[in-house]
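What follows is a single structure, written as structure tokens, with notes after it.
This one's a predicted model, so the numbers in the text were calculated from it and none came from an experiment.
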Amino acid sequence: MTDLTTLLEVGGPVAALGGGAAYARARHPGVYWSTVGLPVSTVRLLSSYGSVMEACGLTVAPSRLRVLAVKATTRRDVRPVPPRRGIIRPTTTGLRVRLRLAPGQEPADVAASAERLRHAWGVHAVYVTTVKPGVVELRLVGFDVLRRVRMPRKLRPDLLRVPVALREDATPFIRDYRAVPHQLTLGATLSGKSMYLRHLVAGLARQPVALVGIDCKRGVELAPFAPRLSALATDPEQAAELLPVLIKEMEDRYDLIKARQGITPSTPDEEITSDIWGLPEHERPVPVVLFVDEVAELFLVATKKDEERRDEMVTQLIRLAQLGRAAGIYLEVCGQRFGAELGKGATMLRAQLTGRVCHRVNDEASAKMALGDIAPEAVSAACAIAPERPGLAVAGDTSGGWSRIRTPYLSLGDAAETCREWARMVPDLPALKPFRPDVPVRPPAGTPSPVVRPRPVTD
């Protein structure tokens, strides 16, 4: 009886500790990783590093000098040599460790064994990146960081660089307009495409950038951001008037660049430029980001007159995509589908959009429209996105690289409030003033909002 009592006294706290660990792992994976997962995975890595490397085929035969030294000092067998391991650096989401490859090895050898390393060390995923020739970094992720997205706190804000999502390797996905000027974002209804757009607008609202919107859904997506928008078109007719103005603005900026290029023998090399970023800061025009939501609405026509207008708008969008970067005009094109069936010029426009983000789509053809021409292997990953994970997407570019990302939740009200807070950042562009959206006056605090109640049904 005494032994049973003692067992119950000891087993109670142990069971409670195990239950608490299981709860933390399910509900608070970051806390579980910091308290349990990190120490366990570190011990596994340190204790089994040599044997795991050998089992994965990542070892090489030792040099003759090493063989002679081992035989001269000990009688043990000379084992194959694994890559030299650096210091283990813990993070809030995993571990980082650098490996110096042995002679004859390449980073692809380590990347091919990433799944084996994941199981051997008990982590969620292992990613391999090249630091420099002969050195790779293993990024061990302890848990699924895309299940509940938490963006890193230390992110340096910079002009035209907006952190909008988290990659599956726990690094931020940054939309950099200077590096990737134009982008196509596809996604079905409720896939998280609008959430991605909110983060872009809210991030750019704090910067000295002109934001221009074309939202042919009567402005339901972009109208809440009206205080920060320099121009907004809410139907194809308004878009047909706005795009020529942007083309004229682009041409004026090219004239400014050409005037600066009045090259004389005494002109220093650093003053010769081919885009606005080479101009002196006091002469540099403000960058312009054009958001096109539901781009298919610009292609749909019902009459012959609409067809002519459509061709003009598509031609102007293609010109902006081809020539806008040097003038500081960038495109963010969004839609549910974007293929040749939309009409003439669709594939030509898509070819100019370097960046691609594909959320959940309704069919494989839509995923191929976004990723098939730049990263064919990413198409299957886009088709595997589950409806229960809105905001999850596959991001790629014309370099062929791709990764899974997920956008954190941002309510429409919070994004709109950010735009109201930074409304003073709207730049002065006289050409766009006729298209400046009306900003509704906010009711005083405490004013009840009107409620429309349905009439009672009577027989």
Side-chain angles (χ1 to χ4, degrees), residues 20-50 52-53 56 58 82-101 107 109-132 134-158 161-176 199 203 381 389 391-395 401-410:
Y23 175 82
R25 186 172 188 175
R27 295 293 184 178
H28 304 283
V31 175
Y32 176 84
W33 169 256
S34 300
T35 56
V36 179
L38 176 60
V40 171
S41 296
T42 302
V43 171
R44 285 178 178 173
L45 194 154
L46 292 174
S47 60
S48 63
Y49 177 76
V52 169
M53 290 289 116
C56 293
L58 297 177
R84 187 184 303 173
R85 176 178 52 80
I87 299 175
I88 298 177
R89 292 173 292 171
T91 66
T92 56
T93 57
L95 294 169
R96 289 184 182 181
V97 58
R98 290 189 176 184
L99 305 181
R100 181 172 293 277
L101 301 180
D109 298 333
V110 184
S113 301
E115 189 67 14
R116 296 183 179 184
L117 299 178
R118 177 179 83 86
H119 289 285
W121 295 330
V123 293
H124 178 74
V126 176
Y127 301 95
V128 182
T129 57
T130 302
V131 179
K132 59 182 180 180
V135 178
V136 298
E137 182 177 73
L138 297 184
R139 180 187 291 271
L140 282 67
V141 180
F143 54 93
D144 185 5
V145 296
L146 299 185
R147 188 176 69 176
R148 188 175 299 170
V149 178
R150 294 182 180 274
M151 296 294 290
R153 296 180 180 178
K154 296 181 180 179
L155 293 174
R156 294 182 179 179
D158 199 3
R161 298 182 80 249
V162 183
V164 292
L166 190 68
R167 297 181 188 270
E168 58 185 344
D169 62 354
T171 60
F173 174 76
I174 297 178
R175 177 71 176 95
D176 189 350
H199 276 274
R389 284 202 167 186
L392 190 63
V394 175
W402 64 277
S403 62
R404 293 180 182 86
I405 64 172
R406 193 178 189 188
T407 310
Y409 177 76
L410 176 64

Which heavy atom of Val123 sits nearest a heavy atom of Val141, and at what distance? CB-O, 3.6 Å

Closest non-hydrogen atom pair between Pro152 and Ala170, with its separation: CG-O, 4.5 Å

Nearest 0.5 Å please: distance from the CG atom of Asp109 over to the CG atom of Leu101. 8.0 Å

Nearest 0.5 angstrom please: Tyr409 OH to Arg148 CZ, how far? 15.0 Å

Main-chain N/O of Val162 paired with His199 side-chain donor or acceptor, under 3.5 Å: no

On a heavy-atom basis, the closest approach of Trp33 and Pro39 is O-CD, 4.2 Å

Minimum heavy-atom separation for Arg389 and Arg147, please, with both atom names. NH2-CB, 3.5 Å

Measure the spacing between CD of Glu168 and CG of Leu392 and express it to the nearest 0.5 Å. 8.5 Å

What is the minimum heavy-atom distance between Cys56 and Leu117, and which atoms define it? SG-CD2, 4.0 Å

On a heavy-atom basis, which atom in Leu146 and which in Arg167 lie closest, and how many Å separate them? CD2-O, 3.8 Å

Calculate, to the nearest 0.5 Å, the distance between atoms CD and OG1 belonging to Glu137 and Thr130 respectively. 10.5 Å

To the nearest 0.5 Å, what is the distance between OG1 on Thr93 and CG on Leu140? 10.0 Å

